[in-house]
Amino acid sequence: MKAEGGGTKEMLEAAAGKRLWVEKIYPAWLPLVLAMGLVWRRRWWRFLVGGLNRPVLFLLLFAWNFKENTAGGHYLHFLVPGLVVMAAVTASYSDLVNWFTLRRTFYRVLDEYLLAPLGTRSLLAGHLIAGGGKGVLMALLVYLAAWAIVGGFKLSFFFVVQLAMIAFTFAALAVAVAMVARGDKDVLMFTNALVFPLTFFCGTFFPVERLPGVFTKASWFLPLTAGTYNLRSLALQGVNHWSWFLQSLGWLGVLYLLAYLLLEWRRQD
């Protein structure tokens, strides 16, 4: 009996040691990223078509019919970075907020996550990396497609970093909305009230300087304006404006903190 008990104890200690060894090599958020990646891999054609059709449609129907120079160049060069931003926002926000809300309110999968030995930071990081990574990938595909059609754009390290910050910012917003939404109708309400106006008041389709009066200054307090302008500067001139970069980074920190607090609130609820 003692030998059997000692053997069981040794087996448990060995299993615990192996688990700690695995956790040191593989972060706790990795299974969440892989799980969402498997779902998106099976439906890659749906996400590809859904992510490319709107930017390409805007490019064909609007850009080629405008001859006006804007911001020192052809309107087409002004529009493409805005389409890239729109693709990043749509891919990182829309799919993740629907994924999270449906699994929290209908399938109750979030309850299993919250009961599992998984920290709030790891749970949030897994979804942000998966959702934001998908947004970056989709936006880069749009950028490469526009580059092949139009040309004249630059691709640099800071361009990818700025694009990732935009995608992760709206992935964090998706998690925050999913924590308070009670269903798909609430998600639609938040999307129409928060996300949809940003695509028109943050310099994606036209300069904010052309907004009337107080709206020009107010637009710079929105979470997308600085990132959009810095991404456009990086795409056209290859110049990184640190003030815009840091403002975009600040919005990422604010929305990450909001998502973390709401997720922790759900854990304690």
Heavy-atom pair with the smallest gap, counting every atom of [X] and [Y]:
X	Y	result
Leu124	Ala259	CD1-CB, 4.0 Å
Ala139	Ala87	CA-CB, 4.1 Å
Gly131	Leu96	CA-CD2, 4.3 Å
Ala167	Gly132	CB-O, 3.5 Å
Leu163	Ala88	CD1-CB, 3.9 Å

Contacts of type side-chain hydrogen bond (donor to acceptor under 3.5 Å, both in side chains), residue Ser94, not counting sequence neighbours =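 side-chain hydrogen bond (donor to acceptor under 3.5 Å, both in side chains) check on Ser94 returns nothing, list empty.
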ask   = Partners of Tyr229 by side-chain hydrogen bond (donor to acceptor under 3.5 Å, both in side chains), sequence neighbours excluded?
value =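 Tyr229: side-chain hydrogen bond (donor to acceptor under 3.5 Å, both in side chains) contacts with Glu209.
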Rounded distance [0.5 Å steps], [atom1] in [X] versus [atom2] in [Y]:
X	Y	atom1	atom2	answer
Gln237	Phe153	CD	CZ	11.0 Å
Leu198	Thr204	CG	OG1	9.0 Å
Thr90	Lys134	OG1	NZ	9.5 Å
Trp265	Thr120	CH2	OG1	14.0 Å
Phe157	Leu234	CZ	CG	11.5 Å
Phe168	Leu249	CZ	CG	12.5 Å

Determine whether a donor-acceptor pair (N or O, by modelled atom type, separation under 3.5 Å) exists between the side chain of [X] and the backbone of [Y].
X	Y	result
Ser92	Gly135	no
Arg232	Gly203	yes
Ser233	Val239	yes

task = Report the residues that fulfil ring pair (Phe, Tyr, Trp, His ring centres under 6.0 Å) with Phe159, sequence neighbours left out, ordered by chain and then residue number.
result =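 Partners of Phe159 under the ring pair (Phe, Tyr, Trp, His ring centres under 6.0 Å) test: Tyr143.
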key: Pairwise ring pair (Phe, Tyr, Trp, His ring centres under 6.0 Å) hits with a residue in residues 175-200, at least two apart   =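 Output for this query lists Phe196-Phe200, Phe200-Phe205.
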[X], [Y]: one ILVMFWY side-chain cluster at the under-4.5 Å cut-off?
X	Y	result
Val85	Leu236	yes
Leu137	Leu83	no
Leu188	Val97	no
Tyr256	Val180	yes

Considering only heavy atoms from C-beta outward, does the side chain of [X] approach that of [Y] to under 4.5 Å?
X	Y	value
Val177	Tyr93	yes
Phe158	Phe245	yes
Trp244	Leu231	no
Val160	Leu155	yes

query = Checking side-chain contact (heavy atoms from CB on, under 4.5 Å) for the pair Leu255/Leu258: CA distance, chi angles, key distance, verdict?
reply = CA-CA 5 Å; Leu255 290 177; Leu258 177 63; 4.2 Å; yes
message = Show, in sequence, the C-alpha distance, side-chain angles and deciding distance for Ile166 and Leu252, and conclude whether the side-chain contact (heavy atoms from CB on, under 4.5 Å) test is met.
response = CA-CA 8 Å; Ile166 294 174; Leu252 173 58; over 6 Å; no
Side-chain atoms of residues 215-223: list all donor-acceptor pairs with protein atoms under 3.5 Å, sequence neighbours left out, distances to 0.1 Å.
| residue | atom | partner | partner atom | Å |
| --- | --- | --- | --- | --- |
| Thr216 | OG1 | Val208 | O | 3.1 |
| Thr216 | OG1 | Leu211 | O | 2.8 |
| Ser219 | OG | Phe215 | O | 3.4 |
| Ser219 | OG | Thr216 | O | 2.7 |

ask   = On the ring face of Tyr260, is Arg121 found with NZ or CZ under 6.0 Å from the centre and within 45° of the axis?
value =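 Not satisfied by the 6.0 Å and 45° rule.
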request  = Write out all pairs satisfying side chain to side chain donor-acceptor pair (under 3.5 Å) with one or both partners inside residues 145-169, taking only residues at least two apart or from two chains.
outcome  =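 Counting only pairs at least two positions apart or across chains, the side chain to side chain donor-acceptor pair (under 3.5 Å) contacts touching residues 145-169 are Gln162-Asn230, Gln162-Ser248.
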